[in-house]
Structures are given as C-alpha cells and as structure tokens.
Amino acid sequence: MTNMVIAESVHKSFGSNHVLRGISLEVARGEVMCLVGPSGSGKSTFLRCINHLEKINSGRITVDGTLIGYRESAGKIYELQAREAATQRSGIGMVFQKFNLFPHMTALQNVTAGMIRVQGVNASDAEIEGKKLLARVGLAEKLDHYPAHLSGGQQQRVAIARSLAMKPKLMLFDEPTSALDPELVGEVLDVMKELASTGMTMIVVTHEMGFAREVADSLVFMDGGVVVESGKPTDVLSNPREERTKSFLSKVL
C-alpha cells in the first residue's frame, strides 16, 4: 500500500511561538488517521499545513507523491505561485469546525459552486452531481434551503458534500463536530463513517474518541507540537505507553 501523505520534519512557527516541532508521519492510501491531543498542541495547524493554508518553515509534505506548496528544482525549493497552490489544494478536501457555507446560497448552490467555478463543469451536470452528493449525506430534501434554515449538523453535512464535489484524493477534517450540539454530532460522524468505508483517505482532528476507536486505522497523540505516541487506536486508547498520553486520556475517556 502506497502512502498518500508523507510529512518529514515539519516545523511551523508563528513569530516566536514554535507550534510544530519536527512532525514526521505517513498516511497510507485509504487510511483513516485521527489526530488527538490538548488544545494548542498543533493538530489544526498541522492539518492546515497539509494543504498549504499555512506555510511551513522547514521540512516537507507530499500528497500523492507531489510536494505541497513548493516545487523542487536543481536541489532548491521554491514556493508555488498562489494559483498553482490553489490548484493543488483543490484535490484536498477540507471540512472546518465552522461550516464556512455561503449564506446567500442554497445547500445545492453551495455544493455546485466549486464544480462550476473551479472545475468548469456545466451547471446542469453540476446540479445532477450536487443532488447525488446531498442525497448521499442525507439531505435530499434540503436542496433549496439556505444555511440559516439548516441545523448545525445539516450545515456540516452540506460542507462535507461540497468538499466531495471536488473529487478529492484526501479529506481533512478539523474538529468537524466540536461546534455542534451533542445530539447533532452523530449525524455528521455517520457520514464520515460512510466515507471511510468507501476507502477515502482521511485525516481527522477530533475529540470523539469513540469515533477514533471505531473508524480510525491509526491514532496519533500530539502535544507541544510533537507526536508523543501513535499506533492502532485500540492500543493507544487502551494501553498507552507514554505518561503524557495516559494523563490526557484519563481526562477525556
């Protein structure tokens, strides 16, 4: 099985705040990896570095064999132009904590906008595909609803459908359920489970340990900008090796 994501010694600082301190990890094609850890441990920053929403200070990240955000020539690394980086990013789906839907567009328009504007799909074909995707996330009846008239869970499912519309090779989820009321969390996790079952490569920053145990192939515990411990979810959650992992899990399990 080949790797979809390879991160090598990734460092990222915001001014004097050294947020990522040499992150190295690999995500196999079709793997679901969950990143867990306390707030401020660098999980979300690392996710944003994978699709070059944040520029790394050193190290390298490749997705599907392609260096992200940069190109290499004659042994030197050059940052990509914004348009080239955006083209790269279009192959990597990202679902945020806040849904980031366009408030003036219906659910269907939110899903089809990227297909039409970025990929050049004609409007009628985009509409057919958009309806299929909204049905897939259980929202076939909500095509014409605006975000303000959808629950948080429904808005997040629209956001997932919007990402899938771009036919990504990799999906990144940044705490996709943390802004939701507890009773709405399950409907979003169910969509993510279905997505995982199709073989989509996924990296999920989450506090949902039950989801990590049930769905993830690997679990990475981060703290202080480093990978403290990683392994199979059942091993890390049930029998952590590191004291820092034990301390964290004692508070969240």
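- Note on residues 206-234: pairs passing ring-ring contact (aromatic ring centres under 6.0 Å, His included), not counting sequence neighbours, are Phe221-Phe248.
- In terms of the side chain to side chain donor-acceptor pair (under 3.5 Å) criterion, Gln88 has no residue partners (sequence neighbours excluded).
- Under the side chain to side chain donor-acceptor pair (under 3.5 Å) criterion, Glu129 pairs with no residue, sequence neighbours left out.
- By the 4.0 Å N-to-carboxylate-O rule, Arg29 lies close enough to Asp64 to be salt-bridged with it.
- Annotation for Ile128: hydrophobic cluster partners, listed by chain and number, are none (ILVMFWY side-chain heavy atoms under 4.5 Å, direct or chained).
- Considering only residues two or more places apart in sequence or on other chains, Lys131 meets the salt bridge (charged side-chain N to carboxylate O under 4.0 Å, His left out) condition with Glu127.
- Sorted by first and then second residue, the salt bridge (charged side-chain N to carboxylate O under 4.0 Å, His left out) pairs with a member in residues 198-217 read Lys193-Glu214; sequence neighbours excluded.
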When the side chains of residues 32-39 are checked against the rest of the protein, which donor-acceptor pairs come out under 3.5 Å, sequence neighbours left out?
none

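- In this structure Ser44 satisfies the side chain to side chain donor-acceptor pair (under 3.5 Å) test together with Asp174, sequence neighbours excluded.
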Hey, mind stepping through Thr177 and Gln156 against side-chain hydrogen bond (donor to acceptor under 3.5 Å, both in side chains) and telling me if it holds?
-> CA-CA 8 Å; Thr177 60; Gln156 193 61 293; over 6 Å; no
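- Among residue pairs with one or both ends in residues 66-79, those qualifying as salt bridge (charged side-chain N to carboxylate O under 4.0 Å, His left out) are Lys55-Glu79, Arg60-Glu72; sequence neighbours excluded.
- By the ring-ring contact (aromatic ring centres under 6.0 Å, His included) test, His145 pairs with no residue at all, sequence neighbours left out.
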Return all side-chain donor-acceptor pairs below 3.5 angstrom for residues 92-108, not counting sequence neighbours, or 'none' if the list is empty.
unit_1: Gln97; atom_1: NE2; unit_2: Ser178; atom_2: OG; d: 3.1
unit_1: Thr106; atom_1: OG1; unit_2: Gln109; atom_2: N; d: 3.1
unit_1: Thr106; atom_1: OG1; unit_2: Gln109; atom_2: OE1; d: 3.4

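- A salt bridge between Glu229 and Arg244 is absent, with no side-chain N of the basic residue lying under 4.0 Å from a carboxylate O of the acidic one.
- Relative orientation of the Tyr70 and His52 rings is perpendicular, given thresholds of 30° and 60° on the angle between their planes.
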Return a table of donor-acceptor pairs under 3.5 angstrom between the side chains of residues 115-126 and protein atoms on other chains or two or more places apart.
unit_1: Gln119; atom_1: NE2; unit_2: Met166; atom_2: O; d: 3.2
unit_1: Asn122; atom_1: OD1; unit_2: Ser124; atom_2: N; d: 3.2
unit_1: Asn122; atom_1: OD1; unit_2: Ser124; atom_2: OG; d: 2.8
unit_1: Asn122; atom_1: OD1; unit_2: Asp125; atom_2: N; d: 2.9
unit_1: Asn122; atom_1: ND2; unit_2: Asp125; atom_2: OD2; d: 3.0

